[in-house]
Amino acid sequence: MTTPVLTIDGPSGSGKGTIARQVSIALGWHLLDSGALYRLVGLASAKKGVSTEIPGELAELARHMNVRFGSDEQGNERIWLDGEEVSAQIRTEKAGERASIVASIPAVREALLQFQRDCRKAPGLVADGRDMGTQVFADAELKVFLTASAEERAKRRHKQLNDKGIDVSLAALSRDIEDRDRRDSQRTVAPLTPAEDARLIDSSDLSIDDVTELVLGWAREIWEM
Ligand code: C5P
């Protein structure tokens with residue numbers, strides 16, 4: 001029997017990261033935050049001065065990135081790049097922007113494919129991103145596509161950043177989200193689109209717990225847990 005995988009795809013701010021984490025904890029499964037990988041390639045390339053115009057060098061960098069996922073003494077999730085703790089650095093809007101640029105390069109996506117597939121380990125994997133259900137785990141038994149209105153997503157992101165003490169205008173955030181959505185949906189390689197067999201959830205008027213319960217209900221049904 002192959003190891004079960006549950007994919008959660010959707011645009012930025014749809015809440016997929018939070019939902020994926022909660023679902024993985026409830027099921028006791030591994031978690032893959034694929035967006036973090038693209039953010040890391042973006043950050044590594046900026047730090048090393050590798051231009052986003054040179055696909056071959058970017059792919060090379062992606063293939064040999066020295067990354068470690070773990071947690072600090074308080075149990076908070078942390079990510080290290082070349083020994084430096086970069087968890088906060090990869091979450092900025094600028095890092096998201098650069099991630100979406102490197103993510104549009106086929107050679108970079110190809111370079112990260114095997115790493116992502118290797119995360120499928122027993123007892124199971126919850127994978128969140130843009131192309132988990134369409135490309136990386138096309139054979140997943142449960143695929144969720146999570147969306148929310150652009151306005152709601154901008155508001156959520158605004159609150160998230162404010163809570164971290166980062167001051168940005170809601171209008172600027174809305175513009176960024178729309179730009180990123182456009183780039184992610186229109187790119188020719190692995191565009192953001194629901195898999196044919198994905199179950200759609202519009203989370204605009206749902207709480208995080210509502211969505212988590214909905215997804216867990218499907219998981220229990222499919223895997224008879
Ligand atoms: O999900 P997150 O906002 O961290 O992703 C950052 C960027 O990485 C996205 O805007 C998207 O361009 C890219 N990405 C992707 N495929 C994935 C996950 C993220 O192209 N599976």
Side-chain angles (χ1 to χ4, degrees), residues 5 7-14 16-17 20 31-69 79-84 86-120 125-140 143 145-147 150 153 157 172-173 175-196 198:
V5 56
T7 61
I8 305 183
D9 289 304
S12 53
S14 58
K16 63 187 165 16
L31 174 67
L32 167 64
D33 168 7
S34 61
L37 298 176
Y38 292 96
R39 288 172 180 269
L40 283 161
V41 177
L43 184 68
S45 64
K47 283 189 187 287
K48 295 200 157 104
V50 172
S51 156
T52 53
E53 309 278 316
I54 311 175
E57 281 188 24
L58 275 177
E60 195 56 23
L61 187 98
R63 242 188 308 275
H64 301 292
M65 255 188 332
N66 175 13
V67 173
R68 189 163 72 80
F69 291 87
I79 303 179
W80 288 263
L81 174 66
D82 292 327
E84 184 191 358
V86 295
S87 324
Q89 279 182 60
I90 60 164
R91 297 294 163 200
T92 64
E93 288 305 296
K94 206 166 136 224
E97 178 70 24
R98 195 163 168 108
S100 121
I101 295 170
V102 301
S104 66
I105 300 169
V108 170
R109 306 197 70 86
E110 179 63 34
L112 294 177
L113 200 55
Q114 201 52 49
F115 179 91
Q116 297 176 79
R117 290 191 172 145
D118 289 344
C119 294
R120 188 172 187 169
L125 176 71
V126 178
D128 94 70
R130 304 290 188 289
D131 64 340
M132 298 297 99
T134 52
Q135 311 281 334
V136 183
F137 303 108
D139 64 334
K143 301 177 183 180
F145 193 86
L146 191 60
T147 171
R153 290 187 285 126
R157 192 81 189 112
L173 263 182
R175 257 195 322 274
D176 284 355
I177 284 191
E178 279 165 22
D179 282 352
R180 196 128 69 89
D181 280 358
R182 198 170 313 111
R183 192 177 309 115
D184 288 350
S185 317
Q186 292 180 353
R187 69 185 178 210
T188 46
V189 52
L192 172 66
T193 180
E196 267 176 32

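All residue numbers in this chain count up from 1 along the given sequence. Since the model is a prediction, treat every value here as computed from it, not as a measurement.
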Minimal heavy-atom distance between Ala140 and Thr7, with the atoms involved, is CB-CG2, 3.8 Å
Minimum heavy-atom separation for Gly133 to Ala195, with atom names? O-CB, 3.8 Å
Should Glu60 and Arg63 be marked as a salt bridge (charged side-chain N to carboxylate O under 4.0 Å, His left out) after you check the CA-CA gap, both sets of side-chain angles, and the distance that decides it? CA-CA 5 Å; Glu60 195 56 23; Arg63 242 188 308 275; 3.5 Å; yes
Quick one: does any side-chain atom of Gln116 pair with a main-chain N or O of Leu112 as donor and acceptor, under 3.5 Å? yes
Which atoms form the tightest heavy-atom contact between Ala107 and Ala59, and what is the distance? O-CB, 3.5 Å
From CG (Leu192) to CG (Asp131), nearest 0.5 Å: 9.0 Å
So, the side chain of Ser87 versus the backbone of Ile79: is there a donor-acceptor pair under 3.5 Å, distance only? yes
Is there a donor-acceptor pair closer than 3.5 Å between any side-chain N or O of Arg187 and the backbone N or O of Ala190? yes
Stepwise salt bridge (charged side-chain N to carboxylate O under 4.0 Å, His left out) test for Arg183 and Asp176: CA-CA 11 Å; Arg183 192 177 309 115; Asp176 284 355; over 6 Å; no
I'd like to know if Asp33 and Arg91 make a salt bridge, using a cut-off of under 4.0 Å between side-chain N and carboxylate O. yes
Would you say Ser34 and Met132 make side-chain contact, with heavy atoms under 4.5 Å? yes
Closest non-hydrogen atom pair between Cys119 and Leu125, with its separation: O-CD1, 3.5 Å
Minimum heavy-atom distance Thr188-Pro191, with the two atoms named: O-CD, 4.0 Å
Pair Asp184-Arg130, salt bridge (charged side-chain N to carboxylate O under 4.0 Å, His left out): steps then yes or no: CA-CA 8 Å; Asp184 288 350; Arg130 304 290 188 289; 3.4 Å; yes
Heavy-atom check, side chain of Leu113 versus side chain of Val136, under 4.5 Å: yes
Strictly below 4.0 Å, N to O, side chains only: are Arg153 and Asp181 in salt-bridge contact? yes
Look at Asp82 together with Lys48 and state whether they make a salt bridge at an N to O cut-off of under 4.0 Å. yes
Taking side chain as C-beta onward, heavy atoms only, is Phe115 less than 4.5 Å from Leu37? yes
Report yes or no: does Ser45 contribute a side-chain atom to a donor-acceptor pair with the main-chain N or O of Gly42 at less than 3.5 Å? yes
Would you compute the distance between atom CG of Leu61 and atom CG of Asn66 and round it to the nearest 0.5 angstrom? 11.0 Å
Output, in order, the C-alpha distance, side-chain angles, deciding distance and verdict of side-chain contact (heavy atoms from CB on, under 4.5 Å) for Leu32 and Val126. CA-CA 6 Å; Leu32 167 64; Val126 178; over 6 Å; no
Determine, step by step, whether Lys143 and Asp9 satisfy the side-chain contact (heavy atoms from CB on, under 4.5 Å) criterion, reporting the C-alpha distance in whole Å, the side-chain angles of both residues, the deciding distance to 0.1 Å, and the verdict. CA-CA 8 Å; Lys143 301 177 183 180; Asp9 289 304; over 6 Å; no
Of all the heavy-atom pairs spanning Ala111 and Ala62, show the shortest one and how long it is. CB-CB, 3.9 Å
Determine whether Tyr38 and Leu43 satisfy the following criterion, side-chain contact (heavy atoms from CB on, under 4.5 Å), listing intermediate values before the conclusion. CA-CA 9 Å; Tyr38 292 96; Leu43 184 68; over 6 Å; no
Nearest 0.5 Å, what's the CG-CZ distance between Leu31 and Phe69? 9.5 Å
The reported gap from CG in Leu173 to CZ in Arg180 (rounded to nearest 0.5 angstrom) is 10.0 Å
Test log, rule side-chain contact (heavy atoms from CB on, under 4.5 Å), inputs Phe145 and Thr193: CA-CA 8 Å; Phe145 193 86; Thr193 180; 5.8 Å; no
Is it true that Glu97 and Arg39 have a side-chain N and a carboxylate O under 4.0 angstrom from each other? no
Residue that, paired with Ile105, satisfies side chain to side chain contact (heavy atoms under 4.5 Å, CB included) out of Ile54, Leu58, Val41: Leu58
State, without any angle test, whether Lys47 and Gln89 hold a side-chain donor-acceptor pair at a distance under 3.5 Å. yes
